[in-house]
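Inspection log for the structure reproduced underneath, given as structure tokens.
Because only heavy atoms are used, hydrogens play no part in the values below, and waters and symmetry mates are left out as well, while side chains stay in. Naming: A, B, ... by sequence-line order, numbering from 1 per chain.
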Amino acid sequence: MAAVAIQGLGHPRKRVEDARFIRGKGNYIDDMKLPGMLQVDIVRSPYAHAKIKAIRTDKALAVPGVLAVITGETLKQYNVHNMPTLMSDTQMVLPLDTVKYQFQEVAAVLGTDRYTAADGVAAVEVDYEPLPVVVDPFKALEPGAPKVRDDKESNHIWHWEWGDRAAADKAFDAAEVTVKENIYIPRIHVASIETCGCVAQWNATEGHLTLYMTTQAPHAIRTVVALITGHLGLSEEKIRIVSPDIGGGFGGKVPAYPGYVIAVALSIVTGAPVKWIEDRTENMAADSFGRDYHISAELAGKKDGTLTALRFKTIADHGYTDAAANPSKMPAGLFHIATGSYDFKNAFVEVDGVYTNKPPGGIAYRCSFRVTEAVHTIERMADLMAHEVGLDPADFRMKNFIKPEQFPYKSALGWEYDSGNYAGALQKAMDMVGYKELRKEQAEKRKRGEFMGIGISSFTEIVGAGPSKDFDILGLKMFDSCEIRVHPTGKAIARFGTKSQGQGHETTYAQILAEELGIPADHIKIEEGDTDTAPYGLGTYASRSTPTAGAAAAMAARKVRAKAKKIAAHLLEAAEEDLQWEQGKFFVKGSPDRAKTIQEIAFAAYTNHPQGMEAGLEAVSYYDPPNLTFPFGSYICVVDIDRGTGEVKVRRFVAVDDCGVRINPMIVEGQIHGGLAMGFAPALMEEISYDENGNIHGSNFTDYLLPTAVETPKWETGETVTPSPHHPIGAKGVGESATVGAPAAIANAVVDALWHLGVRHVDIPITPPKVWALLKEHGAALEE
Amino acid sequence: MAAVAIQGLGHPRKRVEDARFIRGKGNYIDDMKLPGMLQVDIVRSPYAHAKIKAIRTDKALAVPGVLAVITGETLKQYNVHNMPTLMSDTQMVLPLDTVKYQFQEVAAVLGTDRYTAADGVAAVEVDYEPLPVVVDPFKALEPGAPKVRDDKESNHIWHWEWGDRAAADKAFDAAEVTVKENIYIPRIHVASIETCGCVAQWNATEGHLTLYMTTQAPHAIRTVVALITGHLGLSEEKIRIVSPDIGGGFGGKVPAYPGYVIAVALSIVTGAPVKWIEDRTENMAADSFGRDYHISAELAGKKDGTLTALRFKTIADHGYTDAAANPSKMPAGLFHIATGSYDFKNAFVEVDGVYTNKPPGGIAYRCSFRVTEAVHTIERMADLMAHEVGLDPADFRMKNFIKPEQFPYKSALGWEYDSGNYAGALQKAMDMVGYKELRKEQAEKRKRGEFMGIGISSFTEIVGAGPSKDFDILGLKMFDSCEIRVHPTGKAIARFGTKSQGQGHETTYAQILAEELGIPADHIKIEEGDTDTAPYGLGTYASRSTPTAGAAAAMAARKVRAKAKKIAAHLLEAAEEDLQWEQGKFFVKGSPDRAKTIQEIAFAAYTNHPQGMEAGLEAVSYYDPPNLTFPFGSYICVVDIDRGTGEVKVRRFVAVDDCGVRINPMIVEGQIHGGLAMGFAPALMEEISYDENGNIHGSNFTDYLLPTAVETPKWETGETVTPSPHHPIGAKGVGESATVGAPAAIANAVVDALWHLGVRHVDIPITPPKVWALLKEHGAALEE
Amino acid sequence: MQFAGTVTIDAPRAEVWKFLTDPHAVGRCAPGLESLEIVIPDKQFKAVAAVGFGSVSVKFSVDVEWVELDPPNRGKLKGRGSAPGSAVEGSSEMILRDLPNGSTDMDWSADVVVFGTIASLASRLMGSLTRRLTGDFFNCVKAKIEG
Amino acid sequence: MQFAGTVTIDAPRAEVWKFLTDPHAVGRCAPGLESLEIVIPDKQFKAVAAVGFGSVSVKFSVDVEWVELDPPNRGKLKGRGSAPGSAVEGSSEMILRDLPNGSTDMDWSADVVVFGTIASLASRLMGSLTRRLTGDFFNCVKAKIEG
């Protein structure tokens, strides 16, 4: 057989998971069919706020094949009608007496199959008494506003602030120039193509629960389930969470939803496996949303364009319960990355969380805990200030960037940026796009009455949560893990506490291990998502897999290599210190032919290890990152605006990303393409809104506009490489960069196109009607 | 909730696996039904030796639902028509041209279900040309005997010897007394209630094989499969062996049988899961047998009864291929434990392996590699010598036992016995049974012409293979392993390289861990049998689980405890050296209230570990035992013989076992009861024999007599406890002691009953016809 | 959603009044009406009607109550209905005026709020659909009264 | 297994010979015979017969050959048969002698070896079964010839 290539770092290895995905052989939750499996479907509230006066189940129970209807009262017997959120708030599983948002779970119907259960749901009769609804967080904060939560003092959840308020205020008072804007980052939904679901399988004989579920964080879910159900005797060793293939996560599959608890409860009661799968509307209307931040942003600076201070004040709409998926100590996530790529001396941010009659949340939309909100705001504001002081937005950025020599850089809001070369990335993007020529073209077109805009976004992310000192979820430190076992024949299996949802972990983790051990990546099986087998980890979200579990992979591999060296010394009858490593083998210094390959060493680990050494060749690493990583990039977007329709046409989009060392350039490229599409979408198309009665708009793909290949622009990508100094392989994570960075480039381009009309800001999504109205307001619309 | 009891060592904890077994919820191979699963059935040879002239498959392929018929020619295309045995001999998977024993696999039929496949098997037409058959190993060694193997020089496989031949011969020459006897330990079958089988599941998309099979040694099987199929690209990381619940192993489920390879090949070709399950006759007639040792035994001694030397010469019938499941360097297993419990200064044993036209083998029948053969022989011979020198067999044994103060004791055949108190065990058995009164009763009955016998067996076993220096299987060292992971809530999961077949590992391993960690056994989930998850181990047989994996459990737990101590020190803000362990917690010396429980420490391991320490609380141990363990015991059997029928009635059976520290006395008791039944059975009932044409007798439960509750005597058990000095918890293993020790006690009792007639030996099984014939020969039979 | 309009019916006010306050009479013009039950005459009735909104079709059970009845001048009713996953609340008022030519003018207005699936799935369609349904309804009423 | 016996048939030797060397004639007495095919007259024939041994029932295809034929004195045949998982081999000889009363004595002997499932599953039953079957067979032959 020909030698198998090692395919370590930097190799554009084809995604091994695609072998099954492109053949339709993936194993998603809804593919699971267990013998005797039942199906649950959920009765949901048409009202956003109502008292439940009665739930009549007799007609539902008369539907052939309907086995049970359960309500909050049923669950209350076991004290599982409520559950804690990841932010230690309370969320109803099924209500006892009131519903708090439209499409909230009201009752659950168990049937022999999905159709039967749905028929049962249609036959459940619920009497509601509508209650006053509040959907606007500002109104929710007004005195006398309808109270969302009976168990709370008011609709104000928490106030959180970061930075030095007094110093910031002082800097503003002293500022030569200030700009201010109200920016709304609307509520959107991750809209994974696979909705959420689970199959709960209770083994009554063993008192053991297997819960197959679409979760991004299986271990955390296990511990949470154990903490919730401990009083029922369902302790942690009796719970196995299995997260099979996941058809998109993006943050939406971090929380636990009521459907999971309901399926588990019904499986325990019936002894049969119970499946719960959301339909599209349930997914869009009842799962945790993303964003919904109302930001009042101010920048201060000098006339020459030097930024001096930042003040952001935010109202965060959390819906009816604070079910955000954030590190527990950070109620507004990492929003305090708001100083972005700029060297601010003074900064202050504050956020107030508010209850409204909307679904619980929020989670990140493919972003590391509110980083998009921060990036969008600072990048929009940077453009405002640039224009205000009369600088080209590119020049303005170059002037204010943190300089390469300033790293590690301590921001005014407390973060220690690990590494960066912001000017390098922007310059590369400008070169790629032909910035100067575009500005010339724009000026010419403006003369002709054509609206062309150029937008820049020079974002800095903060990912890889996180160092155990500060980062935890319900107390669980945000380390992540890798276990590797090398088999006698030199092949290996490795497991991780993370869970790929499309990121390609099976491919890239093997490459890290291959790089470190010299075992071909094709000979390393990667597994995740089974709490019985994977080492404990906090899961995949917030671009943390490479920074944490990827680092753990390298560290575990190095432990294996250390043992391998001892075995090699034994086999070669040499001193350890006389051995030298060359990818895939140890040899005696100066005698390259006196060598033992990693495969020979592996066999010896089971057949001829030194007496006194334990057999086996394996290691585990629980990696506690010393810091976060700070990927960055500069995106430049060129738009043309149709004066007749208001349509924004993205003509060019250049994305230069710097995510440190690239494990698999092809996968990085793919992640960026996907991320750009998910930055483009909320910039121009996606939004979930509510009418004054709490009726959702955007609960289906007719109303909630996902971009398809038809709408999506052609992306032009480039790279710079500034390794993370503290990550074992210098990688930073890239899964979310483009989602975070893209919207501001598009919005800035649109405003840039309309600036001369007097337009200073447009909230995303920048839809044709919105643009057309602006054009019309400024007398620039073409009308028939 | 009430506190959960820890249930550590010595606790008669109920078997947790019984929850599923007694409810019919066990998960055995034949319970597995995978979607689209096909079934294979096997065409077998009616001849013990024949040339295959033609295999006609057309009628079989015409059976509706029959999908394929494969032969050796099919497999030869992939070079998998032969496979290596564990003794590096060659075994046919399917023959190309000749069959070598009756019921050998000839072709395989794949059908949509078991019935279809069986119909296909009946429709395959095979033309045979019968060849000369040799079933007697002595005849096989004669010049001109039919040659069993075309690829070998002769029917002689190997010669193996141990000890000092010259010194032994010299001692015999100088002996005052010698005794000699030819003893046949017949071929028997483990006859597990569950036959062998597998479900092979090839995933063509991933190039991955999952093989669910009834194996006692999953990891070794995986490596062997990888070594066999490496040339086909099926490498070790792409093979997962899962051994589900096993309905009895006893050694018979250590080897790989052709059916497994056939099922795998057919799954790979069809892409569908393929099940193969033996029927009873296939299991009895084609799987590896046990024993079949023809031993010519001699002892030398002084007139006062002092033993001086031992010489055993053995012809070992291995059938058509040497597929014995022994440590690879030991072709006759541990037969050189033949000096037993006695202090021999000189000993020599030799064994010659021989091919015959019989099924391949052999494996141990619930015994640690030929130990029963050795024990039966030395214990029968001890009785002969005792009678020869006119000593009571008990007194004779007491005189010759290795004394407690001699341990560790180096035997003349090279073993280092770890610990023992043989006289103590025998004395206890004698007290329990009332030995002196029985001898009186016997004398009185003999006067009345009644035949009553008292038999003693003071056996010493050798188990727990084994130290890596000497013990390997195909090079793989015979360590075993435990991995333990403690979850945040202080519950745990632990996995082992062994595989319970009824031994109760799920119960006892948890007790060892509970003892060491103070985590209640009920909070520790135990798993084995999945090569993807369990650490590498050599499997369960030869009473090795407690000596190796049980030791690994204790060692892994102690590693966990060492880390727990560091965390406790952090939590208590105390120095490690000031902490004291008390089962389940660490406390500050002198301040018992300044304590952290293991559960608190576990939570801290994920939520509040010291900075710089990795998160998690887990450890792996691959335990390389420094020595074997040497359980022992003394059994006394009292029989009455029916002069009219020859029936041997076991009136009393006292079994005093010393297996060192008892982890779970109830399980030890159960193991002894089961072992005694499996000692009783071959002593009186079980045998597989062949006629001169190679037709098997004993291929079904009508001809092969398993004892039921009706036949089985009432056992009286007792214990002494002599811990193993080198095992972490002092345990020795007990699963096979009774099987090994019981037959000699019964045989000795029968000979004792008939000694005065001149009977000196009866080969087992001591069936009524055999006894009646002896009685008749000596004029003592009652005839109508 | 609020709707209003005026319909001129070529019939005397009393006749128009009689027709419009008789649920069974009006019911014949109600689109998708499946059943009608008078609970308290001139006070309360129940109706079941199937309505299709685009791809969504639901059957509403509606409880209707006359909250004002000033024969033959002015009537006002309120209703609340529910369907699986949806609900509707609304009120409607009519004022009859004699026309010189013996005909009657009816000024009508309605205020309808929908909740749930219908609201979220079919909101884009609601306005035009409602216009079409009310148009059909009043044409029918006119035709029936005018005979 | 070896069997032998003598049967006295109340018929002339030639007649007995003729019957016993006619497979179709003898076949009528063969237990479980399902088909019979003459391959070479007076030399070779094939038979298919179902035989039950205790719980085991198998259908044997047997090839039979006359290896000696000395009419009307002595005949010897050999056969080999197979069934799924089983095989049988055997030979049989008959010697006819005139009796003074015009009857014929037939001395017969048979040597049968079985292999495979039948041998291993049914060996305990084989002796008694064979005795019963041969008894039935010769009673039938006697009856048929004596007519």
Looking at A:Lys559, I want to see if its NZ is surrounded by more than 12 non-hydrogen atoms of other residues, nucleotides or ligands under 6.0 Å.
yes
For chain A, the option from B:Pro467, B:Ser468, B:Gly490 that forms the most heavy-atom pairs under 4.5 Å:
B:Ser468
Quick one: do A:Glu614 and B:Lys477 make a salt bridge, cutoff under 4.0 Å?
no
What part of B:Glu236 gets within 4.5 angstrom of chain A, counting heavy atoms only: side chain, backbone, both, or neither?
both
Can you tell me which portion of A:Asp522 sits under 4.5 Å from chain B's heavy atoms? Options are side chain, backbone, both or neither.
backbone
For a 4.5 angstrom cut-off between non-hydrogen side-chain atoms, does B:Lys525 reach A:Glu206?
no
Can you give me the closest heavy-atom contact between B:Ala19 and A:Thr205, atom names plus distance?
O-CG2, 3.0 Å
For chain B, which of A:Glu17, A:Met613, A:Lys25, A:Arg495 has the most heavy-atom pairs under 4.5 Å?
A:Arg495
Which of A:Ser621, A:Pro35, A:Gly612, A:Ala492 touches chain B most, by non-hydrogen pairs under 4.5 Å:
A:Ser621
Name the region of A:Asp624, side chain, backbone, both or neither, that has any atom closer than 4.5 Å to a heavy atom of chain B.
side chain
In terms of heavy-atom proximity below 4.5 Å to chain B, should A:Leu227 be classed as side chain, backbone, both, or neither?
side chain
Tell me, side chain or backbone of A:Arg23 under 4.5 Å from chain B's heavy atoms, or both, or neither?
side chain
Pick one of side chain, backbone, both or neither for B:His609, based on which atoms fall under 4.5 Å of a heavy atom in chain A.
side chain
Ranking B:Pro535, B:Ala226, B:Gly207, B:Gly616 by heavy-atom pairs under 4.5 Å to chain A gives rank one to B:Pro535
Given B:Asp532, B:Ile493, B:Leu476, B:Val16, the one with more heavy-atom pairs under 4.5 angstrom with chain A than any other is B:Asp532
Any side-chain donor paired with an acceptor under 3.5 Å for B:Glu618 and A:Tyr536?
no
Can you tell me which of A:Ala204, A:Ala615, A:Ser235, A:Ser481 forms the most heavy-atom pairs within a distance under 4.5 Å of chain B?
A:Ala615
Side chain / backbone / both / neither for B:Ile524 at chain A, heavy atoms under 4.5 Å
backbone
Nearest 0.5 Å, what's the CG-OG1 distance between B:Leu474 and A:Thr607?
11.0 Å
For the atom pair OH (B:Tyr622) and OH (A:Tyr606), what is the distance rounded to the nearest 0.5 Å?
4.5 Å
Going by atom types only, do B:His523 and A:Lys238 share a side-chain donor-acceptor pair under 3.5 Å?
no
Just checking B:Lys329: does its NZ atom have more than 12 heavy atoms from other residues, nucleotides or ligands closer to it than 6.0 angstrom?
yes
List the steps, then state whether side chain to side chain contact (heavy atoms under 4.5 Å, CB included) holds for B:Arg222 with A:His487.
CA-CA 10 Å; B:Arg222 184 188 70 192; A:His487 305 320; 3.0 Å; yes
Does a side-chain N-to-carboxylate-O contact under 4.0 Å join A:Arg485 and B:Glu237?
no
Pick one of side chain, backbone, both or neither for B:Ala534, based on which atoms fall under 4.5 Å of a heavy atom in chain A.
backbone
